[in-house]
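In each ligand, atom 1 is the first atom listed, and ligand 1 is the first ligand listed. Predicted model only: the values in this text are computed from it and were never measured.
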Amino acid sequence: NLGIINIPVYVHVVYSNSNENISDNQINSQIDVLNEDFRATNSDASQAPTEFAGLVADSEITFSLAGVFRHSNSRTSWGTNDLVKSTYPPITPETHLNIWVCNIGGGILGYAQFPGGPTATDGVVVGPNFFGTTGYLSAPFDEGRTTTHEVGHYLNLRHIWGDGRCRQDDFVSDTPSSDGPNYGCPSYPTVNCRSNDMTMNYMDYVDDACMYMFTEGQKSRMRSIFASGGPRSAMVN
Ligand code: ARG
Ligand code: ZN
Ligand code: CA
């Protein structure tokens, strides 16, 4: 048992206008959301329906801001091909979560790399207006949950529907099978694949206000990457 795992975070703010040069307050508000969501101290966790309430997990992972790097650049959208990462390389990605905050474009809120990939592109990318809970924000993605979702991927979680039909797994046994993402703020129950979808899971695609839990199964999948021999074992001790 590794106990509480703290992940130090470097934030790279890459901006083409003053709105995108988000404030330190906005950055800190995102670190706060990560700490709440990954420790299940978020106030909305209590909304979980009875069926899922016992699965709400404190992942025992915390985040601390280790540094902020600001870069002005005339490029107005960065896409999902990791150009922002080659332009502003990650700093010690073996031991630090690197987050690039820049406009991705194409309606993309954020994207992430799974553990075990190249260190040069390790980390997550999030649009400035989807980052944190105060400042330059776009509803309904203004509660910092895009970063929670992307850090979930960075810690090895798949989408809740397994990115396929009912039989396609997310490799987590306590998340019900589904056949596609949910959007907006679904009413409970939403039934797919003969079970109620866990639409309120951070790894679905619903609005920020309607996602509020990881499960115990997701917790063990995340924590296993820190174990000896695991792809993020260098981050602990
Ligand atoms: N990668 C997903 C996208 O860009 C992130 C979805 C995050 N969802 C959310 N409610 N914040 O579409
Ligand atoms: Zn995703
Ligand atoms: Ca599952």
Side-chain angles (χ1 to χ4, degrees), residues 26 29-30 33-34 36-38 42 44-45 47 51-52 54-57 77-82 84 99-115 117 121 123-133 136-186 190-222 224:
Q26 186 165 349
S29 75
Q30 181 62 66
V33 170
L34 288 172
E36 290 164 10
D37 290 354
F38 281 83
N42 52 303
D44 47 357
Q47 292 176 32
E51 174 187 11
F52 301 136
L55 299 173
V56 174
S77 67
W78 289 88
T80 54
N81 64 356
D82 292 332
V84 73
I99 303 180
W100 291 264
V101 179
C102 62
N103 185 49
I104 298 167
I108 309 284
L109 312 176
Y111 71 97
Q113 179 172 298
F114 289 116
T121 48
V124 317
V125 184
V126 180
N129 48 325
F130 311 118
F131 195 77
T133 60
Y136 173 58
L137 289 166
S138 299
F141 305 110
D142 51 357
E143 296 189 19
R145 262 68 192 261
T146 298
T147 306
T148 299
H149 175 106
E150 301 307 338
V151 173
H153 286 314
Y154 170 88
L155 297 177
N156 215 22
L157 298 185
R158 307 295 173 122
H159 290 135
I160 193 100
W161 67 97
D163 294 306
R165 306 307 301 261
C166 294
R167 309 276 287 271
Q168 185 74 37
D169 205 358
D170 65 349
F171 311 111
V172 174
S173 59
D174 62 6
T175 54
S177 169
S178 191
D179 64 353
N182 293 288
Y183 295 97
C185 198
T190 293
V191 183
N192 285 295
C193 307
R194 300 160 158 268
S195 57
N196 297 338
D197 278 2
M198 192 184 282
T199 63
M200 58 294 295
N201 193 281
Y202 295 123
M203 302 315 290
D204 206 331
Y205 268 0
V206 298
D207 292 349
D208 280 16
C210 303
M211 50 168 62
Y212 43 76
M213 65 177 287
F214 289 120
T215 67
E216 291 292 336
Q218 288 174 316
K219 170 184 180 175
S220 30
R221 185 169 169 83
M222 287 192 275
S224 64

Atom 10 (N) of ligand 1 has as its nearest protein heavy atom Val206 O, 2.5 Å
Run Asp163 and Arg158 through salt bridge (charged side-chain N to carboxylate O under 4.0 Å, His left out) and show every step you take.
CA-CA 8 Å; Asp163 294 306; Arg158 307 295 173 122; 5.7 Å; no
**Message:** Any nitrogen or oxygen of Leu109, side chain or backbone, less than 3.5 Å from one on ligand 1?
**Reply:** yes
Smallest heavy-atom separation, Trp100 atom then Gly123 atom, equals CZ3-CA, 3.9 Å
If you scan protein heavy atoms around atom 9 (C) of ligand 1, the nearest is Asp208 OD1, 3.3 Å
Numbered in order shown, the ligand 1 atoms found under 4.0 Å of a heavy atom of Thr146 are 7 (C), 9 (C), 11 (N)
For Tyr111 and Asn81 the tightest heavy-atom approach is OH-N, 4.2 Å
To the Zn ion (ligand 2), the closest N, O or S atom belonging to His149 is NE2
Query raised in the report: Is a side-chain donor or acceptor of Asp204 paired with a backbone partner of Asn182 at a separation under 3.5 angstrom?
Result: yes
In short, Phe131 meets Leu137 closest at the heavy-atom pair O-CD2, 3.5 Å
Say whether Gln218 and Asn201, considering side chains only, have a donor N or O and an acceptor N or O under 3.5 Å apart.
yes
Got an N/O contact under 3.5 Å between Tyr205 and ligand 1?
no
Taking the side chain from Asp170 and the backbone from Leu157, do they hold a donor-acceptor pair closer than 3.5 Å?
no
Practice prompt. Return yes when Glu150 approaches ligand 1 closer than 4.0 angstrom through a heavy atom, no otherwise.
Written response: yes
Residue pair His149, Tyr205: steps toward the ring pair (Phe, Tyr, Trp, His ring centres under 6.0 Å) verdict: CA-CA 9 Å; His149 175 106; Tyr205 268 0; 5.8 Å; yes
Ligand 1 to Ile108, heavy atom cutoff 4.0 Å, flagged ligand atoms 4 (O)
dist Ser177:OG -> Met198:CE (nearest 0.5 Å) comes out at 12.0 Å
Nearer than 3.0 Å to the Ca ion (ligand 3), the protein contributes N, O or S atoms numbering 4
Q. Mind checking whether Tyr111 has a heavy atom under 4.0 Å from ligand 1?
A. no
In terms of the angle between their ring planes, are His159 and Trp161 parallel, tilted or perpendicular, with boundaries placed at 30° and 60°?
parallel
Q. Polar-atom distance check: Gly110 versus ligand 1, any N or O pair below 3.5 Å?
A. yes
Can you find a heavy atom in the side chain of Phe214 that is under 4.5 Å from one in the side chain of Thr148?
-> yes
